[in-house]
Amino acid sequence: MSNRTPLMAGNWKMNLDWKQGLALVEELGEQLAGVDMSRVEAAVLPPFVDIRTVQTAVEAGSLPIAYGGQDLSAHESGAYTGEVSGSMLKALGATYAAVGHSERRQYHGEDEAVTNAKVKAAFAAGLVPILCVGEPLEERQAGNQVEYTLAQLRGGIEGLDAADAKQIVIAYEPVWAIGTGEVATPDDAQEVCAAIRGALREQYGPEVADAVRVLYGGSVKSSNVAELMTKEDVDGALVGGASLKAEEFAKIVGYQG
Ligand code: PEP
């Protein structure tokens with residue numbers, strides 16, 4: 001049993017306008033009243049335009065919900081039309097920023113260099129990056145899931161010092177399991193999450209490796225989360241579709257281990 005506090009993070013993707021986001025976060029707050037929040041952390045990653053509203057609701061209700069961006073700019077400020085900086089998120093009380101989600105890699109061509117720059121931008125702004133890594137189906141079918149995922153990990157954290165590395169959250173999200181309903185088996189998740197921790201141990205030593213939370217993501221639901229959480233190196237979940245319903249996401253947060 002590790003002393004890492006599990007993190008359940010809900011990635012809303014491009015869903016819910018600010019009014020819908022407000023309704024969800026308020027309902028989630030009510031649902032979490034029945035959950036022992038000393039043993040688990042809950043976070044939501046809303047669209048940027050919802051974050052101010054989420055902040056207001058969380059502060060007004062003292063809700064046990066952290067929040068953050070689904071992405072951030074690699075740059076601090078300036079002529080980067082359409083981008084949102086880490087310091088802007090931080091000014092809204094954000095804790096986290098997802099970086100390198102497979103949809104950013106696939107639709108926006110974000111490679112290891114961009115991902116690494118965004119990880120560093122998040123730390124520079126005082127945010128905790130949730131670095132997403134994971135293999136596509138053909139790499140899994142070829143048995144290359146560990147090698148492929150570790151290459152993304154090493155690229156994403158290149159140049160980080162141990163103090164930052166200790167804070168980072170890694171989300172192992174096999175691309176074939178995202179939004180498909182096809183969840184990795186607990187053993188599949190454990191294999192890669194353990195390899196991620198092993199790579200961190202090799203690079204930074206046991207103190208960092210034992211502190212970092214490694215999440216699993218890909219079709220997590222209230223019906224499969226508990227089994228995934230029995231695995232030693234799985235420290236929580238990055239949840240897409242199932243985070244859009246307050247009752248369902250609260251059940252995931254309140255999983256019975
Ligand atoms: C995700 O968006 O990171 C994700 C894991 O989505 P889903 O839970 O819908 O598979």
Side-chain angles (χ1 to χ4, degrees), residues 6-16 20-21 24-25 28 40-48 50-51 54 65-72 94-108 110 115 118-119 122 128-137 139-140 145 148-149 152-153 156 168-186 188-190 192-193 196 213-229 231 233-255:
L7 170 63
M8 300 298 174
N11 173 16
W12 294 1
K13 311 195 188 197
M14 197 173 72
N15 295 296
L16 310 179
Q20 296 165 323
L24 176 57
V25 92
L28 183 58
V40 62
E41 186 185 347
V44 295
L45 308 177
F48 289 135
D50 294 7
I51 292 181
V54 167
I65 304 169
Y67 51 90
Q70 298 170 15
D71 181 36
L72 82 166
T95 303
Y96 296 105
V99 173
H101 189 280
S102 62
E103 288 151 20
R104 300 295 312 173
R105 295 177 192 263
Q106 185 179 349
Y107 305 131
H108 300 270
E110 295 193 4
T115 300
K118 289 187 173 190
V119 164
V128 174
I130 300 175
L131 172 62
C132 304
V133 293
E135 81 286 353
L137 185 59
E139 297 292 341
R140 160 78 41 179
Q145 62 274 11
Y148 185 96
T149 302
Q152 286 185 331
L153 172 74
I168 201 169
V169 176
I170 308 294
Y172 167 56
E173 299 208 301
V175 178
W176 48 269
I178 297 179
T180 58
E182 192 169 336
V183 66
T185 67
D188 288 341
Q190 168 62 17
V192 185
C193 291
I196 289 169
R213 289 178 293 179
V214 182
L215 316 184
Y216 165 78
S219 299
V220 171
K221 303 183 210 52
S222 61
S223 56
N224 57 31
V225 66
E227 210 190 338
L228 287 159
M229 291 300 291
K231 294 297 170 183
D233 290 293
V234 177
D235 303 316
L238 184 54
V239 184
S243 72
L244 297 173
K245 295 265 182 293
E247 196 183 345
E248 172 67 3
F249 188 54
K251 277 190 199 160
I252 291 172
V253 175
Y255 75 96

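Hydrogens, waters and symmetry mates play no part in the numbers below; they use all other heavy atoms, side chains included. Each ligand, and each atom within it, is numbered from 1 in the order the structure gives. Positions are given from 1 along the sequence.
By the side chain to side chain contact (heavy atoms under 4.5 Å, CB included) test, T185 is found to be paired with D187, D188, residues two or more places apart in sequence or in another chain being considered. E227 is linked by a side chain to side chain contact (heavy atoms under 4.5 Å, CB included) to P186, counting only residues two or more places apart in sequence or in another chain.
Closer than 4.0 angstrom to ligand 1 lie heavy atoms from N11, K13, H101, E173, A177, I178, G179, G217, G218, S219, L238, V239, G240, G241.
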Between W12 and L24, does the side chain to side chain contact (heavy atoms under 4.5 Å, CB included) criterion hold? Intermediate values first, please.
CA-CA 11 Å; W12 294 1; L24 176 57; 3.5 Å; yes
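Of the inter-residue distances, the one linking Y96 atom OH with L238 atom CG reads 11.5 Å to the nearest 0.5 angstrom.
A side-chain hydrogen bond (donor to acceptor under 3.5 Å, both in side chains) check over residues 171-180, counting only residues at least two apart or in different chains, returns the pairs H101-E173, E135-Y172, E135-W176, R140-Y172.
Annotation: side chain of V220 is not in contact with side chain of M8 (no heavy-atom distance under 4.5 Å).
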